[in-house]
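Reading through the structure tokens given below for one structure.
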Amino acid sequence: MPGYNPSAIEKKWQQYWNEKKVYATNVKDTAKPKYYVLDMFPYPSGQGLHVGHPEGYTATDIIARYKRAKGFNVMHPMGWDAFGLPAEQYAIKEQKHPSVFTQNNIDRFRKQLQSLGFSYDWDREVDTTDPGYYKWTQWIFLKLYDTWFDEQQQKGRPISELVEEFEKGNSEFRIQNSELGLAEAIRWRDLNATQQRKVLAGYRLAYEAEVPVNWCQGLGTVLANEEVIDGKSEVGHFPVERRPMRQWMLRITAYAQRLIGGLDQLQWSDSLKEMQRNWIGRSEGAEVQFKVDGTSETITVFTTRPDTLFGATYMVLAPEHPMVPGITTPDQLAKVEAYRKWAASRSDRERQEDTKKTGEFTGTYAINPVNEQRIPIWVSDYVLMGYGTGAIMAVPAHDERDYEFATKFKLSIVQVVGKKQEASSKKQEVNVQKEAFCEEGMAVNSPWIEGLPTAEAKAKITAMLEEKGIGKRQINYKIRDWLFSRQRYWGEPFPIVHLEDGTTVRLADSELPLRLPELEDFKPTGTIDPPLSKAAEWVNVHVVVSADNSARVVPPGTPGAVKARRELNTMPQWAGSCWYYIRYLDPRNENAFVDPAVEKYWLGNSEFRIQNSELNSGGVDLYVGGVEHAVLHLLYSRFWHKVLFDRGLVTCDEPFRRLVNQGLILGEDSQKMSKSRGNVVNPDDVVRDYGADSLRMFEMFMGPLEQVKPWSTAGVEGVYRFLQRVWRNLFDENDALKIVVAPQDEAIRRALHKLIKKVGDDIERLSFNTAIAAMMEFNNVLGKAPSVSREVALTLIRIMEPYAPHFAEEVYARIQSSEFRIQNSTVVSVSHLPWPEYDPAMLIDATIEVPVQVNGKLRGRITIPNGADEATALAAALADAEVQKHLAGKEPKKKIYVKGRMVNLVV
RNA sequence: GCCCGGGUGGCGGAAUUGGCAGACGCUCAGGACUUAAAAUCCUGUGGACCGAAAGGACCGUGCGGGUUCGAUUCCCGCCCCGGGCACCA
């Protein structure tokens with residue numbers, strides 16, 4: 001059957017591209033500017049590909065193909081984030097090893113992706129479950145383990161440098177460890193090895209801690225804060241409870257300021273940056289010390305409104321605050337203890353759902369340091385131990401929560417902020433007895449800062465507190481350290497062993513990868529013991545520990561060997577995806593996680609800057625993926641990257657320079673696609689019925705990439721018809737090429753040059769839908785032409801290639817073979833043609849049509865020479881019959897000519 | 001409650017720097033081809049008004065106001081939708 005037939009051509013070209021490695025990247029071709037375009041790492045689920053996947057993947061593929069044609073060295077890889085719960089749970093159910101299931105899924109996913117004609121360099125494929133990959137995940141973990149954060153320099157430094165600082169006895173680096181109760185004057189060399197390890201453990205970016213964690217019984221593991229939504233697990237929606245457990249943590253809080261600051265230079269959407277800022281939650285304020293009346297103790301509170309200090313009429317401690325038992329009076333003790341028990345029994349969920357104020361009076365008073373007033377100290381669970389100091393000064397006049405509490409427990413409310421007086425406006429009443437006034441304004445009833453606007457009042461009172469030694473400026477963050485261990489089998493094992501003295505040491509690099517033990521039964525144990533506890537032989541080892549605290553596993557009886565137990569937890573799924581974009585650059589390197597020269601070219605931010613670009617081109621140039629990773633992957637990954645940067649292992653400080661979130665594709669009924677609604681579209685079916693090129697084109701034609709939009713089968717047919725129409729403009733009813741060698745008429749050549757410019761500009765700004773519209777428009781014009789020249793045909797398919805690569809390749813091959821035989825040895829591909837240049841002169845028409853308005857309303861059109869001056873244009877406008885009619889003989893009092901745009905006459 | 005997006009025909013959307021609102025596609029209607037249908041091609045398709053017709057005049061980008069010769073675009077106030085955060089002091 002003649003005509004455009006995708007099923008007959010697509011497989012053929014996919015195979016050709018694969019065999020000839022048409023899209024392989026030469027990483028060392030550093031003479032060219034680089035462009036790194038990345039898709040978010042897919043989890044190869046058993047469900048296979050969803051129509052949402054090709055949306056982002058087609059967008060990046062268009063960019064990749066376009067940039068190659070523009071002379072860039074393009075990195076466009078794909079791989080698998082393959083560790084994780086679904087495969088493990090399925091494997092348990094099916095009594096198979098998860099690796100088998102994972103490999104099957106990967107094969108299916110790869111096949112599906114290849115059926116869409118993406119120009120990935122498949123030789124760079126990575127798989128997080130491959131020991132050749134996770135060796136380096138473990139290696140990076142050890143870099144975190146071997147790094148401490150220097151607050152002064154705001155930078156991660158090698159732990160060996162901390163040891164040097166300790167050895168020097170530098171007073172700025174006091175040896176601290178609460179467990180050991182070390183004295184001020186302690187010298188590093190006086191500590192034994194165990195003590196030294198315990199001290200260092202308190203500084204490492206990867207550390208173990210006994211903390212209240214999110215335990216999810218349903219998943220049999222703990223979860224990070226970011227993985228818990230409304231008290232339930234993000235995966236599977238199982239209930240999550242607070243439970244103290246010893247777990248591995250990553251000190252992401254140390255990087256809070258850098259993670260916020262780094263956002264400014266990124267080309268990300270405002271909403272995404274805002275989500276990260278909110279999650280990190282920076283608050284500027286002050287810490288203030290309150291004396292406890294009748295004792296020598298002080299309570300430190302954190303406030304963002306130090307200007308309201310004069311309005312603090314009581315104080316609240318979190319129920320878990322360590323000072324509560326000590327300060328509670330004997331007659332209140334029973335009540336306070338009962339309250340503490342009750343509060344402890346409440347889950348996070350209950351707390352979130354029920355925000356009614358509860359609490360008890362401790363019987364004790366504090367002294368407000370600014371006015372010496374005695375204020376009662378209460379205990380209430382509306383103050384959280386995990387934020388600030390776990391204690392607040394309550395200012396009910398200017399804080400809604402405090403107001404609610406004060407009203408309920410009949411505590412006094414004193415106004416210390418009023419509305420700003422503005423000369424013209426009437427003074428509006430603020431009645432803090434009726435309602436808290438939480439806005440900024442002007443300090444009142446506050447001797448030190450009377451009459452000052454809020455911002456100034458904050459600054460002044462903070463300075464005064466610092467001067468008097470009763471407070472200081474303080475910045476707090478909401479973000480908590482990242483809980484990094486999981487009680488599951490299918491993840492990276494920690495390259496860590498536990499010694500009998502209760503300390504941990506790392507494995508030496510030469511011990512990596514630490515492979516997962518083969519287990520018959522890798523089900524969760526039903527307790528907090530991870531499945532790896534079942535691998536007794538693997539767990540119990542003998543090691544030799546070197547001076548730098550790294551261990552090598554040795555046979556028992558080796559001189560110097562000591563007993564050790566391996567860490568039983570595994571890493572969370574996020575570990576592998578934190579750095580995959582680096583591994584793609586050098587995926588088979590066995591000696592380094594990436595070759596430094598390769599890293600510098602592809603990610604470095606100084607030497608290979610794109611010419612004439614104001615933007616710093618370091619990192620991945622374009623990253624496309626779903627918004628669901630806003631505070632998970634994207635935060636974790638930035639954190640790891642900054643640590644690697646600090647340690648000199650990568651040369652740019654942000655991994656993803658420009659990031660775009662593709663919008664969700666809804667079902668044809670504008671509802672979320674779901675099996676239960678029966679509105680799920682399977683890409684395989686679309687490819688079968690219309691071909692990959694139509695699927696690709698339609699997904700781009702639906703609307704702006706970032707927007708949520710519904711699927712439309714009629715719309716797919718629309719772009720399919722478009723491809724057929726292009727085909728028919730080039731081939732006759734017997735598929736004989738009908739293009740001619742004679743030059744094309746000028747009107748069409750002009751339209752073509754405009755199209756070249758339009759499509760290029762639109763791709764640059766990711767406006768793929770308008771580029772397709774322009775191609776359609778051009779093709780409509782072409783269809784009316786008596787013939788199509790070879791030059792026009794080649795240019796058109798070159799422009800279409802990023803969108804419809806199989807189509808373009810087929811047409812190109814037919815044009816080629818009609819003219820000369822293709823040598824078998826050379827790889828011929830339309831993708832090797834450079835992007836066409838447009839001739840600026842061809843964009844300018846000799847005459848232009850300009851609308852003429854009278855009093856702002858469109859009344860006529862004039863045709864004038866392009867570039868005509870104002871006088872010419874106005875004369876033409878005034879001479880126009882329609883315009884004359886509306887002027888009704890009146891002389892315009894104002895004549896406006898916007899060059900080449902329009903004329904407006906005002907009468 | 002707070003923060004960030006957004007609101008344009010029957011539908012998806014376009015209008016890039018304040019300058020012809022509705023490009024392009026879908027849908028629908030009419031026509032050509034055909035014994036017929038499909039496919040294909042052509043014409044029309046924001047609303048309402050006057051006119052037999054050619055044509056003419058009006059309204060229109062969530063709502064109300066403002067700036068401007070001119071506003072989908074800028075400013076103020078409000079309504080609605082989507083997303084995020086939420087006792088974080």
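Chain letters run A, B, ... following the sequence lines, proteins first and then strands; every chain starts at 1.
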Let's test this: given Watson-Crick or G-U wobble pairing with both distances under 3.5 Å, identify the partner of [N].
N: C20(B); result: none
N: C58(B); result: G47(B)
N: U40(B); result: A32(B)
N: G1(B); result: C85(B)

For [X], which contact category applies under a 4.0 Å heavy-atom criterion: base, sugar-phosphate, or nothing?
X: His886(A); answer: sugar-phosphate
X: Lys899(A); answer: nothing
X: Val631(A); answer: nothing
X: Ser712(A); answer: nothing
X: Arg725(A); answer: sugar-phosphate

What's the closest nucleotide to the [X] side chain, out of [options]?
X: Asp270(A); options: U40(B), C59(B), C4(B); answer: C4(B)
X: Val383(A); options: G13(B), C4(B), A89(B); answer: A89(B)
X: Glu777(A); options: C87(B), C24(B), A57(B); answer: C24(B)
X: Lys857(A); options: G13(B), C59(B), A15(B); answer: C59(B)
X: Tyr382(A); options: C42(B), C85(B), C87(B); answer: C87(B)
X: Met275(A); options: G19(B), G83(B), C26(B); answer: G83(B)
X: Phe302(A); options: G12(B), U16(B), A89(B); answer: A89(B)
X: Ala773(A); options: U40(B), C69(B), A23(B); answer: A23(B)
X: Phe701(A); options: G25(B), C4(B), C20(B); answer: G25(B)
X: Met776(A); options: G25(B), U40(B), U16(B); answer: G25(B)

*Flag the pair Phe768(A) / Phe701(A) as yes when their ring centroid distance falls below 6.0 Å, and as no otherwise.*
no
*Taking atom CG of Leu905(A) and atom CG of Leu874(A), what is their separation to the nearest 0.5 Å?*
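Leu905(A) atom CG to Leu874(A) atom CG measures 7.0 Å (nearest 0.5 Å).
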*Could you check if the base of G70(B) is syn or anti? Syn means the glycosidic torsion is within 90 degrees of 0.*
anti
Indicate yes or no: at least one non-hydrogen side-chain atom of [X] is less than 4.5 angstrom from one of [Y].
X: Trp268(A); Y: Arg658(A); value: no
X: Met776(A); Y: Val719(A); value: yes
X: Trp711(A); Y: Phe698(A); value: yes

*Pick the nucleotide of RNA chain B nearest each of Val898(A) and Pro710(A); which residue has the one closer to the 5' end?*
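Final value for this comparison: Pro710(A).
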*Ile772(A) vs Tyr477(A), nearer the 5' end of RNA chain B by closest nucleotide*: Ile772(A)
*Mind calculating the distance between CD (Glu400(A)) and P (C2(B)) to the nearest angstrom?*
9 Å
*Take the protein atom CH2 of Trp279(A) and the nucleotide atom P of C3(B), then report the distance between them rounded to whole Å.*
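To the nearest whole Å, that distance equals 20 Å.
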*Test Glu287(A) against every option in Ile470(A), Thr462(A), Val301(A), Thr300(A) by the side-chain contact (heavy atoms from CB on, under 4.5 Å) rule and name the one that passes.*
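The single option meeting the side-chain contact (heavy atoms from CB on, under 4.5 Å) with Glu287(A) is Thr300(A).
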